[in-house]
Asker: 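Below are the structure tokens for one structure; questions will follow.
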Protein chains: 2
Amino acid sequence: MPNTFDVLFKTLADPTRRAIFERLCRDGEQTVAALTAQAGVSQPAVSKHLGVLKQAGLVLDRQSGRQTHYRSQPAALAPLLDWTSQMAGFWESRFDDLEQLLKRMDN
Amino acid sequence: MPNTFDVLFKTLADPTRRAIFERLCRDGEQTVAALTAQAGVSQPAVSKHLGVLKQAGLVLDRQSGRQTHYRSQPAALAPLLDWTSQMAGFWESRFDDLEQLLKRMDN
DNA sequence: CTAATTCATAACTCATTGGTTATTGATTTG
DNA sequence: CAAATCAATAACCAATGAGTTATGAATTAG
């Protein structure tokens, strides 16, 4: 049972996959063919990456005839922001602790 | 030639390794033995994870006799914050583009 | 000095995963 | 209808990586 952070980090750890996601963030909705043209890997590879991104909630798809259009869902990045600032936060709060400790030692 | 983002995402994608990093953020400097006691994996496994975290710049180590003390370096998370907010930013700016486009179409 | 402790490294195993080609189902197009 | 296009899936392969046990180097303790 991998948690949200696992899924997000693992999904974004692959450079090819992350590049696809970045492209969707930058340039908006794209078809699989359009993404494949830039990805540097085969169409099935791109499809697999899109499947992983979709599982992670990072992209949404829309069918239209024989094409599938994918778009990013950047809201799914929220937990990542939370986690990162929390880690930085722990750091600061430890400094606060130290500060308070030093103050108390001053008296 | 993996870039900074690759390294960061890959390093944090493993749950055991991320847990070690979280612990260091939360509780401050720890010895390898202390980390091993909580990690649920063997000491060599912990040492390997610490090596990876160190390579990524996420932790620093300090030798003292036969013990090695590790501490987190949360500043190394900065690129992650940047990347994440940039991706969210692209999204918004595309909305802005759309907004401006619609305004222009209004005239 | 010897024994114990701490951590890193080596050597290995097994599972995961990112890639490939081949194929198929579904839709357009001629 | 026949041919072409689009994307997903299947089957397979090779590389990576996280774990293990065994060992060694350095330090501390008895």
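Proteins come first, then strands; the chains are lettered A, B, ... in the order of their sequence lines, and each starts at number 1.
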Asker: For B/Leu12, does its backbone N or O pair with a side-chain atom of B/Arg18 as donor and acceptor, under 3.5 Å?
Answerer: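 Such a contact is found between B/Arg18 side chain and B/Leu12 backbone.
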Asker: Please list all pairs passing the side chain to side chain donor-acceptor pair (under 3.5 Å) test where one or both residues lie in residues 38-47 of chain A, with sequence neighbours left out.
Answerer: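 Qualifying pairs, neighbours excluded: A/Gln43-A/Ser47.
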Asker: My understanding is that only residues two or more places apart in sequence, or in another chain, count here; which of them pass side chain to side chain contact (heavy atoms under 4.5 Å, CB included) with A/Asp61?
Answerer: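 By the side chain to side chain contact (heavy atoms under 4.5 Å, CB included) rule, A/Asp61 matches A/Lys54, A/Thr68, A/Tyr70.
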Asker: What does the inter-axis angle of the helix from C/dC1-D/dG30 to C/dG30-D/dC1 come out as, five pairs per end, nearest 10 degrees?
Answerer: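 One end axis against the other gives 20°.
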Asker: Mind listing the N/O atom pairs, protein and nucleotides 25-30 of chain C, below 3.5 Å?
Answerer:
unit_1, atom_1, unit_2, atom_2, d
C/dT27, O2, A/Arg66, NH1, 3.1

Asker: Which residues satisfy the ring-ring contact (aromatic ring centres under 6.0 Å, His included) test with A/Phe9, sequence neighbours excluded?
Answerer: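 With neighbours one apart ignored, the set is A/Trp83.
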Asker: For A/Arg62 and D/dA8, what is the distance between atoms CZ and P respectively, to the nearest whole Å?
Answerer: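 Interatomic distance, CZ of A/Arg62 to P of D/dA8: 13 Å.
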Asker: If you restrict it to nitrogen or oxygen atoms, what contacts under 3.5 Å exist between nucleotides 14-23 of chain D and the protein, and what is each distance?
Answerer:
unit_1, atom_1, unit_2, atom_2, d
D/dA18, OP1, B/Arg17, NH2, 3.2
D/dA18, OP2, B/Arg17, NH1, 3.2
D/dG19, OP1, B/Thr16, OG1, 3.0
D/dG19, OP2, B/His49, NE2, 2.2
D/dG19, N7, B/Lys48, NZ, 3.0
D/dG19, O6, B/Lys48, NZ, 2.5
D/dT20, OP2, B/Ser42, N, 2.9
D/dT20, OP2, B/Ser42, OG, 2.6

Asker: Which residues pass the side chain to side chain contact (heavy atoms under 4.5 Å, CB included) test with A/Ala76, not counting sequence neighbours?
Answerer: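 Expected list: A/Leu58.
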Asker: Hey, what else clusters with A/Leu81 if you join Ile, Leu, Val, Met, Phe, Trp, Tyr whenever side-chain heavy atoms sit under 4.5 Å?
Answerer: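 Members other than A/Leu81 - counting any ILVMFWY side chain reachable under 4.5 Å - are B/Leu81.
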Asker: Please enumerate all residues that pass side chain to side chain contact (heavy atoms under 4.5 Å, CB included) together with A/Ala34, with sequence neighbours excluded.
Answerer: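 Only A/Gln30, A/Thr31 meet the side chain to side chain contact (heavy atoms under 4.5 Å, CB included) criterion with A/Ala34.
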Asker: Could you tell me the separation between the CD atom of B/Gln67 and the P atom of D/dT28, rounded to a whole number of Å?
Answerer: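 Distance, rounded to whole Å: 9 Å.
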Asker: Quick check: is B/Leu24 connected to A/Phe5 through a chain of hydrophobic side chains (ILVMFWY, heavy atoms under 4.5 Å apart)?
Answerer: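 They do share one cluster, since a chain of ILVMFWY contacts under 4.5 Å joins A/Phe5 to B/Leu24.
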Asker: Among all residues two or more places apart in sequence or in another chain, which pass the side-chain hydrogen bond (donor to acceptor under 3.5 Å, both in side chains) test with A/Asp82?
Answerer: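 Here no residue qualifies.
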Asker: Rounded to the nearest Å, what distance is computed from the CD atom of residue B/Gln63 to the P atom of nucleotide C/dT5?
Answerer: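 After rounding, the reported distance stands at 19 Å.
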Asker: I want to check one thing: is the phosphate of D/dA8, taken as OP1 and OP2, less than 4.0 Å away from some side-chain N or O of A/Thr68?
Answerer: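 Answer is yes, contact under 4.0 Å.
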Asker: For B/Tyr70 and C/dA8, is the shortest distance between a side-chain N/O and OP1 or OP2 below 4.0 Å?
Answerer: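 The answer is yes; a side-chain N or O of B/Tyr70 sits under 4.0 Å from OP1 or OP2.
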Asker: For A/Lys10, give me all partners under side chain to side chain contact (heavy atoms under 4.5 Å, CB included), at least two apart in sequence or on another chain.
Answerer: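 Testing A/Lys10 for side chain to side chain contact (heavy atoms under 4.5 Å, CB included), a comparison that skips the adjacent residues, returns B/Ala13, B/Pro15.
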Asker: Using the test side-chain hydrogen bond (donor to acceptor under 3.5 Å, both in side chains), find all partners of B/Gln55 that sit at least two apart in sequence or belong to another chain.
Answerer: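 Per chain and number, B/Gln55 pairs via side-chain hydrogen bond (donor to acceptor under 3.5 Å, both in side chains) with no residue.
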